[in-house]
J.: 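Following this message is one structure expressed as structure tokens.
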Amino acid sequence: MLDLPFLRQHADEAKKRLAKRPGYDTSVIDELLAADDERRQIQTQLDALLSEQNILSKEIGKLYGQGKKEEADAIKEKSLELKAQTGELQKLHDEASDSIRSMLLLIPNLPQLRVATGKSAEDNVTVKEGGPRHQLYVGARPHWELATSLGIIDFETGNKITGSGFPLYVGKGARLQRALIAWFLDKATAQGFTEYMPPLMVNEDSGYGTGQLPDKEGQMYHVTADNLYLVPTAEVPLTNIYRDTIVKEEDLPIKMTAYTPCFRREAGSYGKDVRGLNRLHQFDKVEIVQIEHPDRSNATLDSMVAYVESLVVELGLQYRILQLCSGDTSFASSITYDFEVFAAAQEKWLEVSSVSNFESFQANRMKCRYKSAETGKNHLVHTLNGSALALPRIMAAIMENYQTEKGIVVPDVLRPFCGFHIID
RNA sequence: GGUGAGGUGGGUGAGUGGCUGAAACCAACAGUUUGCUAAACUGUCGUACUGGGCAACUGGUACCGAGGGUUCGAAUCCCUCCCUCACCGCCA
């Protein structure tokens with residue numbers, strides 16, 4: 001949710017940034033500001049009336065105390081008249097506030113000016129490429145065939161137990177998965193991120209806090225009996241730790257990490273991209289989250305990108321880093337970098353991480369502020385997060401890129417966590 | 001699931017209709033004292049919206065789990081909902 005005081009002071013900047021989103025009609029900003037103006041006028045009137053009423057009430061109390069009943073009753077009459085007026089204004093004020101809030105909830109975050117303007121994934125900008133291209137032997141297979149023939153992932157049985165998109169990892173497949181999680185968490189904690197194991201279901205308030213609600217209602221699994229949502233990413237429970245809080249300026253940045261399974265309905269995606277591990281309803285992910293000072297959030301974004309890069313480098317995967325264009329930048333984000341690794345057998349780039357600076361967009365929804373040490377005033381924090389990393393596509397890339405005639409060779413860094421060096 | 005208790009500022013906790021935006025204590029912060037630490041003393045110490053002023057600052061309104069109601073006036077009375085805690089039952 002955009003910050004209204006910011007919009008008032010920087011309407012032009014806001015419109016310029018918002019206009020980067022394809023097809024977005026920035027006149028909502030003007031409507032919003034007009035509505036805000038009106039609301040403030042109403043409040044001024046309302047406050048004056050309420051103030052008058054409060055004075056009268058106190059007067060009545062005093063008069064009763066002195067036993068001056070008639071005088072008190074006379075003032076009561078007056079107060080009742082006022083009450084009718086305030087009731088009307090109160091209603092107007094509530095309506096105005098509600099409509100402003102619902103307008104605000106629907107406006108996406110402002111892309112940063114440096115974000116490339118564009119419509120779709122086609123317009124994303126590759127900012128870096130790296131890692132070795134893996135040369136495969138003749139007869140190399142895509143990961144879903146490999147995984148099935150090696151018996152490390154049983155898609156059929158996952159399908160039987162739950163449905164498609166819920167793979168069953170078996171034996172070394174399960175162990176490799178666990179090794180990745182352990183390695184990612186160790187790396188993150190070594191970088192100063194505090195490890196959490198959060199709840200896997202969140203309430204509505206948390207969903208609104210990080211912006212999944214109301215925008216992506218249909219993407220989350222909803223446990224209606226208890227009105228809870230299965231987490232689509234650890235970002236939601238982690239960031240919401242700081243919902244409704246005021247942190248000390250010197251405590252920033254706050255660095256958190258967690259491994260969680262992630263649940264996504266992926267409604268509306270069928271067909272080509274869903275083979276094997278490419279797109280799942282349940283998958284594992286280690287997430288990193290930072291709550292940061294506004295002045296430093298972009299520098300912190302860079303450090304998070306560098307950190308994620310170090311992971312794919314150590315895994316020896318061919319990768320590229322994209323800066324998403326304005327049209328592909330998600331609702332809540334102001335700037336996003338995606339990491340893709342190359343799956344050599346299916347010859348496809350797979351997205352394994354998305355690192356974003358949300359600026360104050362989530363903080364405003366969550367009411368997470370910091371108290372300025374200098375002025376003592378409260379300001380919204382900035383929030384950032386990134387996958388570090390999403391497991392299935394990393395698994396897919398490892399399987400495809402590291403396959404040999406003898407089996408899948410485990411990348412060096414994972415061997416201490418696996419206890420084996422080849423899957424055959 | 002059953003029964004009982006309760007939700008007040010960062011924490012403990014007082015407050016049953018007007019003098020309470022809220023006592024007291026603790027924590028925190030600033031200062032005095034001090035060789036350092038500690039202690040003591042003094043002061044500051046909720047949030048949001050909003051008016052005036054360039055600003056320092058200074059007015060107003062709202063908020064005592066949430067939403068309604070009674071009343072001139074509600075933290076306090078009434079209703080609904082949510083949540084927490086304790087004990088019992090069930091269970092990893």
Side-chain angles (χ1 to χ4, degrees), chain A residues 1-9 32-105 197 199-209 213 223-229 237 240-252 254 261 291 360 363-381:
Chain A
M1 185 162 75
L2 297 178
D3 184 34
L4 207 38
F6 173 85
L7 292 179
R8 269 185 224 138
Q9 282 168 18
L32 186 67
L33 290 176
D36 175 52
D37 217 50
E38 199 186 322
R39 200 216 93 236
R40 283 194 286 166
Q41 281 180 33
I42 296 170
Q43 185 182 341
T44 307
Q45 291 174 45
L46 178 61
D47 283 356
L49 285 182
L50 287 172
S51 173
E52 210 175 317
Q53 257 187 313
N54 285 340
I55 291 166
L56 290 182
S57 290
K58 275 181 190 149
E59 194 62 27
I60 292 169
K62 224 180 269 171
L63 290 172
Y64 269 126
Q66 295 165 1
K68 296 177 181 167
K69 216 164 176 191
E70 293 87 57
E71 287 178 49
D73 287 342
I75 297 176
K76 244 193 225 185
E77 295 274 318
K78 223 162 118 191
S79 180
L80 275 169
E81 280 170 39
L82 271 180
K83 203 181 173 184
Q85 292 178 50
T86 50
E88 283 291 304
L89 272 179
Q90 187 75 60
K91 220 171 113 190
L92 282 176
H93 184 260
D94 290 349
E95 282 167 8
S97 306
D98 287 351
S99 83
I100 287 168
R101 184 174 168 79
S102 44
M103 268 193 248
L104 272 174
L105 277 175
M197 211 182 255
L200 300 182
M201 290 196 264
V202 295
N203 58 29
E204 231 175 344
D205 286 346
S206 295
Y208 275 96
L213 295 175
V223 181
T224 51
D226 298 292
N227 198 25
L228 295 172
Y229 294 86
N240 272 285
I241 291 171
Y242 285 91
R243 174 153 49 82
D244 289 320
T245 59
I246 299 172
V247 300
K248 287 193 211 136
E249 187 170 8
E250 63 262 33
D251 288 343
L252 300 174
I254 293 163
I291 294 179
S360 62
N364 194 27
R365 289 182 170 220
M366 291 200 306
K367 294 197 173 56
C368 178
R369 291 93 83 211
Y370 70 93
K371 191 176 281 289
S372 161
E374 206 180 318
T375 64
K377 295 216 169 108
N378 297 326
H379 304 281
L380 294 171
V381 298

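Note on naming: letters A, B, ... go to the chains in the order of the sequence lines (proteins, then strands), and numbering restarts at 1 for each one.
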J.: Pick the P atom in B/G46 and in B/C85, then give their distance to the nearest Å.
T.: 29 Å
J.: Using Watson-Crick or G-U wobble geometry with both distances below 3.5 Å, tell me the partner of B/U37, or none.
T.: none
J.: Please measure how far the P atom in B/A40 lies from the corresponding atom in B/A27, and state the result in whole Å.
T.: 9 Å
J.: Taking atom P in both B/G9 and B/C79, compute the distance separating them and give it to the nearest angstrom.
T.: 24 Å
J.: Which nucleotide, if any, forms a Watson-Crick or G-U wobble pair with B/A74, using both distances under 3.5 Å?
T.: none
J.: Once you apply a heavy-atom cut-off of 4.0 Å, does A/Ile60 come out as touching a base, just sugar-phosphate, or nothing?
T.: base
J.: B/U71 P sits how many Å from A/Leu56 CG, rounded?
T.: 18 Å
J.: Take the protein atom OH of A/Tyr64 and the nucleotide atom C1' of B/C72, then report the distance between them rounded to whole Å.
T.: 8 Å
J.: So which of A/Arg39, A/Glu88, A/Gln41, A/Arg40 actually passes side-chain contact (heavy atoms from CB on, under 4.5 Å) with A/His93?
T.: A/Arg39
J.: Rounded to the Å, how far apart are A/Lys58 NZ and B/C19 P?
T.: 7 Å
J.: Can you give one letter per nucleotide of nucleotides 46-61 of chain B, 5' to 3': B if a protein heavy atom sits under 4.0 Å from the base, S if only from the sugar-phosphate, - if neither?
T.: -SSBSS--------BS
J.: Whole Å only: how far is the CG atom of A/Leu63 from the C1' atom of B/C19?
T.: 15 Å
J.: State, to 0.1 Å, how close A/Tyr370 and A/Leu380 come at their nearest heavy-atom pair, and which atoms those are.
T.: CE2-O, 3.6 Å
J.: So, A/Asp98 and A/Arg101, do they make that salt bridge, N to O below 4.0 Å?
T.: no
J.: With a 3.5 Å limit on both atom pairs, tell me what B/C54 is paired to, counting Watson-Crick and G-U wobble, or say none.
T.: none
J.: Round to a whole Å and report the spacing from CG of A/Leu228 to P of B/C82.
T.: 13 Å
J.: If B/U42 has a Watson-Crick or G-U wobble mate with both distances under 3.5 Å, name it; if not, just say none.
T.: B/A30
J.: Return the CZ to CZ distance between A/Arg243 and A/Arg365, rounded to the nearest 0.5 Å.
T.: 12.5 Å
J.: Flag the pair A/Lys91 and A/Asp94 as a salt bridge only when some basic side-chain nitrogen lies within less than 4.0 angstrom of an acidic carboxylate oxygen.
T.: no
J.: Counting Watson-Crick and G-U wobble pairs only, both distances under 3.5 Å, name the nucleotide matched with B/A48, or none.
T.: B/U61
J.: Taking B/G89 as the reference, what is the distance to B/G2 when you measure between their P atoms (whole Å, please)?
T.: 16 Å
J.: With both distances under 3.5 Å as the test, what is the Watson-Crick or G-U wobble partner of B/A92?
T.: none
J.: Between A/Asn240 and A/Ser206, is there a donor-acceptor pair closer than 3.5 Å when you use the side chain of the first and the backbone of the second?
T.: yes
J.: Please report the distance separating the P of B/A74 from the corresponding atom of B/C78, rounded so that it comes out in whole Å.
T.: 15 Å
J.: Can you find a heavy atom in the side chain of A/Asp251 that is under 4.5 Å from one in the side chain of A/Ile291?
T.: no
J.: For B/G73 and B/G17, measure between their C1' atoms and round to the nearest Å.
T.: 8 Å
J.: Is the backbone of A/Asp37 close enough, under 3.5 Å, to the side chain of A/Arg8 for a donor and an acceptor to pair up by distance?
T.: no
J.: Considering only atom P, compute the distance from B/A62 to B/G67 and round it to an integer number of Å.
T.: 15 Å
J.: About how many Å separate OG of A/Ser99 and CG of A/Leu32, when rounded to the nearest 0.5 Å?
T.: 8.5 Å
J.: When rounded to the nearest Å, what value does the distance between C1' atoms of B/A28 and B/G10 take?
T.: 8 Å
J.: What N/O pairs connect the protein and nucleotides 64-70 of chain B at under 3.5 Å? Give each pair on its own line.
T.:
none

J.: What does B/G21 pair with, Watson-Crick or G-U, if both distances are under 3.5 Å?
T.: none
J.: Watson-Crick or G-U wobble partner for B/A86, using a 3.5 Å limit on both distances?
T.: B/U3
J.: So A/Tyr229 and A/Leu213, do their side chains get closer than 4.5 Å, heavy atoms only?
T.: yes
J.: Within this structure, what is the CD-to-C1' distance between A/Glu250 and B/A28, rounded to whole angstrom?
T.: 11 Å
J.: So, for A/Asn364 and A/Met1, which heavy atoms are closest and what is the spacing to 0.1 Å?
T.: ND2-O, 3.0 Å
J.: Hey, does A/Ser79 reach any base, or is it just sugar-phosphate, or nothing, if we go heavy atoms under 4.0 Å?
T.: sugar-phosphate
